[in-house]
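The shown structure was predicted, so the numbers you read here are calculated from the model rather than taken from an experiment. Sequential numbering from 1 along the given sequence is applied to the chain's residues.
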Amino acid sequence: MNHLIAVTGERGITTLALDSPANRNALSAALVAELSAALADCGKDPAVRAVVLTHTGTTFSAGADLKGPASPYAFVDLLRQIVELPKPVVGHVTGHVRAGGLGLLGACDLVVAGAAADFALTEVRIGVAPAVVSLTLLPRLEPGAAARYYLTGERFGVPEARAAGLVTAGEEELPGILDALRAASPQGLREAKRLVTARVLETFERDAEDLVRKSATLFASADAREGMTAFLERRDPAWRL
């Protein structure tokens with residue numbers, strides 16, 4: 001069996017690396033299921049103080065796997081699992097992050113990024129919208145930045161991501177952050193995380209079902225069929241002016 005998540009541990013920190021570089025760590029049904037299982041193991045293990053979510057290859061995640069995507073419900077469950085995990089989750093990105101990959105980062109409690117990282121919400125360019133990822137992104141992003149990047153699909157770098165509220169710190173701060181988490185009590189971390197995630201979980205309760213339905217409707221549309229076909233055929237979609 002080919003594993004899609006590489007798991008390592010050091011001094012109470014478990015690192016889960018998305019490890020499907022051949023398809024740029026696209027969010028396939030298999031990858032989402034394996035990441036969910038690895039997170040569940042971390043949540044139950046008293047030796048795990050915190051989790052680092054990172055990647056192999058040059059791309060953290062290219063978003064949904066257009067050839068074998070996870071269901072919207074499975075992806076919502078994964079996002080909620082990260083938010084509800086009783087351990088802090090630190091996203092660590094050193095490369096490209098696209099579409100659904102930003103939803104994963106939005107679910108993390110802290111995000112550190114290397115200087116070469118870049119980001120884009122590319123959904124509008126294939127005829128859909130960042131529906132499900134809004135559950136974790138809209139509570140985190142500065143409203144003006146959300147409007148710009150949702151509507152334009154533009155690529156943006158680490159300085160813009162920090163200003164927008166997506167990135168917490170540069171990756172040079174990761175060792176200090178992890179040592180600070182090691183110094184905290186498991187109970188303290190669990191209860192502090194509950195405080196800072198309470199409003200995000202309210203968003204899940206209120207909006208998740210509507211956003212899943214919206215996502216399904218959009219992906220079944222004529223625009224989406226054209227957008228995804230154009231993407232796979234490496235050509236401009238019909239609407240390009």
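- Within 6.0 Å of CD on Gln187 lie no more than 12 heavy atoms contributed by other residues, nucleotides or ligands.
- Hydrophobic side-chain contacts under 4.5 Å tie Leu174 into a cluster, directly or through other members, with Ile13, Val52, Val90, Leu110, Val112, Ile177, Leu178, Leu181, Leu189.
- Thr54 places no side-chain N or O within donor-acceptor distance of the main-chain N or O of Val93, the cut-off being under 3.5 Å.
- No donor-acceptor contact under 3.5 angstrom links the side chains of Asn25 and Thr59, judged on distance only.
- Salt-bridge check for Glu191 with Arg194: passed, with a basic side-chain N closer than 4.0 Å to an acidic carboxylate O.
- How far CG of Leu79 is from OG1 of Thr203: 12.0 Å, rounded to the nearest 0.5 Å.
- Side chain of Thr168 to backbone of Val111: a donor-acceptor contact under 3.5 angstrom is found.
- Between the side chain of Arg49 and the backbone N or O of Ala184, at least one donor-acceptor pair lies under 3.5 Å.
- Residues Val133 and Phe231 do not share a hydrophobic cluster, clusters being chains of Ile/Leu/Val/Met/Phe/Trp/Tyr side chains in contact below 4.5 Å.
- Apart from Leu241 itself, the hydrophobic cluster it occupies contains nothing, where clustering links Ile, Leu, Val, Met, Phe, Trp and Tyr at side-chain heavy-atom distances under 4.5 Å.
- Using modelled atom types, no side-chain atom of Thr94 and backbone atom of Gly114 make a donor-acceptor pair closer than 3.5 Å.
- Under the side chain to side chain donor-acceptor pair (under 3.5 Å) criterion, Arg213 pairs with Glu209, not counting sequence neighbours.
- Residues in residues 21-60 take part in these ring pair (Phe, Tyr, Trp, His ring centres under 6.0 Å) pairs, two or more places apart or across chains: His55-Phe60.
- A donor-acceptor pair under 3.5 Å is formed between the side chain of Lys87 and the backbone N or O of Asp45.
- Within the 3.5 Å criterion, the main-chain N or O of Arg125 finds no donor-acceptor partner in the side chain of Thr122.
- Salt-bridge formation is not detected for the pair Arg182/Glu10: no Lys NZ or Arg NE/NH1/NH2 atom is positioned less than 4.0 Å from an Asp or Glu carboxylate oxygen.
- Pairs engaging residues 99-112 under the salt bridge (charged side-chain N to carboxylate O under 4.0 Å, His left out) rule: Asp109-Lys193 [sequence neighbours left out].
- Listed here is the closest heavy atom pair of Val124 and Gly153: CG2-N, 4.0 Å.
- Looking at Arg225, its side chain does come within 3.5 Å of a backbone N or O of Ala220 through a donor-acceptor pair.
- Of the possible donor and acceptor atoms, one in the side chain of Glu226 sits under 3.5 Å from a partner among the backbone N and O of Ala238.
- Shown here is Arg235, whose CZ atom has more than 12 heavy atoms of other residues, nucleotides or ligands within 6.0 Å.
- Both Val212 and Leu137 sit in one connected hydrophobic cluster of ILVMFWY residues. Membership requires side-chain heavy atoms under 4.5 Å apart, directly or through other members.
- Counting only distance, with no hydrogens or angles, the side chain of Glu34 and the backbone of Leu31 share no donor-acceptor pair below 3.5 Å.
- The backbone N or O of Ala33 sits nowhere less than 3.5 Å from a side-chain atom of Ser36 that would complete a donor-acceptor pair.
- The CZ atom of Phe119 lies 9.0 Å from the CZ atom of Arg98; values are rounded to the nearest 0.5 Å.
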Throw together a table of side-chain donor-acceptor distances under 3.5 angstrom for residues 62-69, partners on residues two or more places apart or in other chains.
{"unit_1": "Asp65", "atom_1": "OD1", "unit_2": "Lys67", "atom_2": "N", "d": "2.9"}
{"unit_1": "Asp65", "atom_1": "OD1", "unit_2": "Gly68", "atom_2": "N", "d": "3.3"}

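- In Tyr150, the OH atom is crowded: over 12 heavy atoms of neighbouring residues, nucleotides or ligands sit closer than 6.0 Å.
- A pairwise comparison of heavy atoms in Arg140 and Leu105 identifies NH2-O, 4.0 Å as the closest pair.
- Note that OG1 of Thr136 is 8.5 Å distant from CD1 of Ile82, once rounded to the nearest 0.5 Å.
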